[in-house]
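Working notes for the structure below.
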Protein chains: 2
Amino acid sequence: MAGEGRAEGSGKSRQLDFPRPLTTVDVVIFTILDDSLQVLLMQRPAGEGEPFPLSLALPGGFVDVTKDRDLAACAARKLREKTGVTSPYLEQLGSWGSATRDPRGWSATHAYFALIPADASVLANDARWFPIRGGRLKDKLAFDHGDILATAIQRLRNKVEYTSLPAFLMPAEFTLPDLQRVYEIVLDRPLEKSAFRTRILSADMIEPVAKMRRGPNRPAQLYRLRKGRDPVYFVRTFNPPE
Amino acid sequence: MAGEGRAEGSGKSRQLDFPRPLTTVDVVIFTILDDSLQVLLMQRPAGEGEPFPLSLALPGGFVDVTKDRDLAACAARKLREKTGVTSPYLEQLGSWGSATRDPRGWSATHAYFALIPADASVLANDARWFPIRGGRLKDKLAFDHGDILATAIQRLRNKVEYTSLPAFLMPAEFTLPDLQRVYEIVLDRPLEKSAFRTRILSADMIEPVAKMRRGPNRPAQLYRLRKGRDPVYFVRTFNPPE
DNA sequence: CATAGTTAGTTGTACAGTCCAACTTACTTA
DNA sequence: TAAGTAAGTTGGACTGTACAACTAACTATG
């Protein structure tokens, strides 16, 4: 019987005969829902030998070397399976690996983070949105997923200070005050209206559509993302608190 | 005979009985030498079954599940083995994994990047510094190490625009013009002197020592890094080109 | 010993973009 | 018609960079 994760010991692959860590991919999927930043979580299965049974965890799982061409494809697949979203903002967050993070043995996970508009997703029925209040999640998560999520929140907040990332959280059409509100939700602080408008409009990342959002007061211009636009990097952050 | 990277198929680990990718860690180590950004590379061994024999490659190798507590420890170990440096700036760069990047099978590498002062390192005798001119390396590298290095260079340049990272490339004592020169080498463009000084000095990241650097002209104040300082994030980039 | 040369470091004006606050505009509702 | 509200604009204060000219401190040279 071979040891755990041990490769065959013959021929020219002789030097590969040592135990291999488990390899997984996890995805931190954010959206804006109910005026709050939310993250997609699943409940762990309860089967025999399953670690963290019934705990909440990030969507993810083992890399399937027969199906997954590469890590990004694996992450995109998991995102698609859980939300139906096929062309989101998806970037690599980092990787976490240690002897102890998974009780089944030495394991390493490759974490991605995705931004999607809530209205574009159809959730798998074992997945649910959980709100992030005050920059953190209430619940404890399985494995080191709490650390991974905290890193993702920090990375998101950081980038929102000087990029157009929140645009990927917006529905197809939105107003500038909508967009500003999303920035404020993520950063958890108010931004200055006129400076915000100047910055966004001069970034050439959105374009007006020939429609207005009507409501109980002055109508607002609707915009949409310019197609195929990469995120914009501003040369200043929004003025930081204190 | 067990399959490649296949775990045992009994008891409660039943669900782990599938092939595992190879897991490696690679480190992109930068320094400043001869007025140029340089990266540490090794020559691949020529043994039978070795991929990319005699090609240049980043220092790295398989995770040893019996010796490495976690990924960062593994990266720190490789850095130490090749340079003798024990407390550098070390951050995770990302991970690369695919079916094709290593001819020996599905593999994933966890890449780190490190900044060290050239004068603090004693190289292993199979390692050498290679200059990066015009933002790229002349030579082709093994595996996808060319991609990894390109990503590292881009990340470094990006961060140098708005952080104090170059401070970690400096020797123990240095002058402000020294530091500015390092910024300029990494960014490959000149910076404005007075704005540079204002920014660095108000960041409170360095402190003067009671010595001057003497030379053939006006002496310059020597500084050192404040101890235990994390990198500083500026709220603006240096004014970008064009 | 004076002067040229070189690099360190400072100063001043222009400019860009944010901050802050007040303002105008366009709509609904009472 | 007036009050209320959110969208969007305007203007002055402030902060920090850009650019350029300046002063300071040293060495080398004739």
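Chain identifiers are assigned alphabetically (A, B, ...) following the order of the sequence lines, protein sequences preceding nucleic acid strands; residue numbering begins at 1 within each chain. Since the structure is predicted, the reported quantities are computational estimates derived from the model, not experimental observations.
For A:Q180 and D:dG8, the CD to C1' distance is 11 Å, given to the nearest whole Å. Nucleotide D:dA6 holds its C1' atom 12 Å from the CG atom of A:D178, rounded to whole Å. What separates NZ of B:K211 from C1' of C:dA8 is a distance of 19 Å, to the nearest Å. In this structure, B:F174 places its CZ atom 14 Å from P of C:dA8, rounding to the nearest Å. Summarising the geometry, the separation between CZ on B:R214 and P on D:dA25 is reported as 11 Å, rounded to the nearest angstrom. When the C1' atom of C:dT6 is taken as reference, atom CZ of B:R213 falls 16 Å away, rounded to whole Å. Put simply, CG on B:N217 is 10 Å from P on D:dC26, counting in whole angstrom units. Atoms OH (A:Y223) and P (D:dA7) sit 12 Å apart, rounded to a whole Å.
Salt-bridge check for A:D26 with A:K78: failed, with every basic side-chain N at 4.0 Å or more from each acidic carboxylate O. Salt bridge present: A:R226 and A:E207 bring a charged side-chain N and a carboxylate O closer than 4.0 Å. Using a 4.0 Å cut-off between a side-chain N of Lys or Arg and a carboxylate O of Asp or Glu, A:K159 and A:E91 qualify as a salt bridge. Ion pairing between A:D68 and A:R77 holds under the 4.0 Å rule for side-chain N and carboxylate O. Using a 4.0 Å cut-off between charged nitrogen and carboxylate oxygen, A:D204 and A:R229 count as a salt-bridge pair. Taking 4.0 Å as the cut-off between side-chain N and carboxylate O, B:R101 and A:D70 do not count as a salt-bridged pair. Ion pairing of B:E161 with B:R189 is present here, as a side-chain N (NZ or NE/NH1/NH2) and a carboxylate O approach within less than 4.0 Å.
Between B:T24 and B:T109, the shortest heavy-atom contact is OG1-OG1, 2.8 Å.
Aromatic ring orientation, B:Y233 versus B:Y162: tilted (interplanar angle from 30° to 60°). The aromatic rings of A:F234 and A:F238 lie perpendicular to each other, with more than 60° between the two planes, well past the 30° mark.
Listed by residue number, A:A195, A:R199 are the residues of residues 195-205 of chain A with a heavy-atom contact under 4.0 Å to DNA chain C. For the segment residues 163-170 of chain B, no residue has any heavy atom less than 4.0 angstrom from an atom of DNA chain C.
When the local axes at the two ends of the helix from C:dC1-D:dG30 to C:dA30-D:dT1 are compared, using 5 base pairs at each end, they differ in direction by 20° after rounding to 10°.
Aromatic pair B:F52/B:F143: centroids less than 6.0 angstrom apart.
For A:K193 and B:P219, each mapped to the nucleotide of DNA chain C holding its nearest heavy atom, the one lying further toward the 5' end belongs to B:P219.
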- [ ] For A:F174 and A:Y223, run ring pair (Phe, Tyr, Trp, His ring centres under 6.0 Å): C-alpha distance rounded to whole Å, both residues' side-chain angles, the deciding distance at 0.1 Å, then the answer.
- [x] CA-CA 5 Å; A:F174 54 90; A:Y223 294 86; 7.1 Å; no

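Within 4.0 Å of A:P216, counting heavy atoms only, lies at least one base atom of the nucleic acid.
When distances run from any side-chain atom of A:E192 to the nucleotides C:dC19, D:dA25, C:dA8, the shortest one goes to C:dC19. Proximity note for B:S194 (side chain, C-beta onward) versus D:dT9, D:dA7, D:dA20: the nearest is D:dA20. Side chain of A:R236, nearest nucleotide from D:dT9, D:dA24, C:dT18: C:dT18.
Put simply, the side chain of B:R218 and the base of D:dA25 share no donor and acceptor less than 3.5 Å apart.
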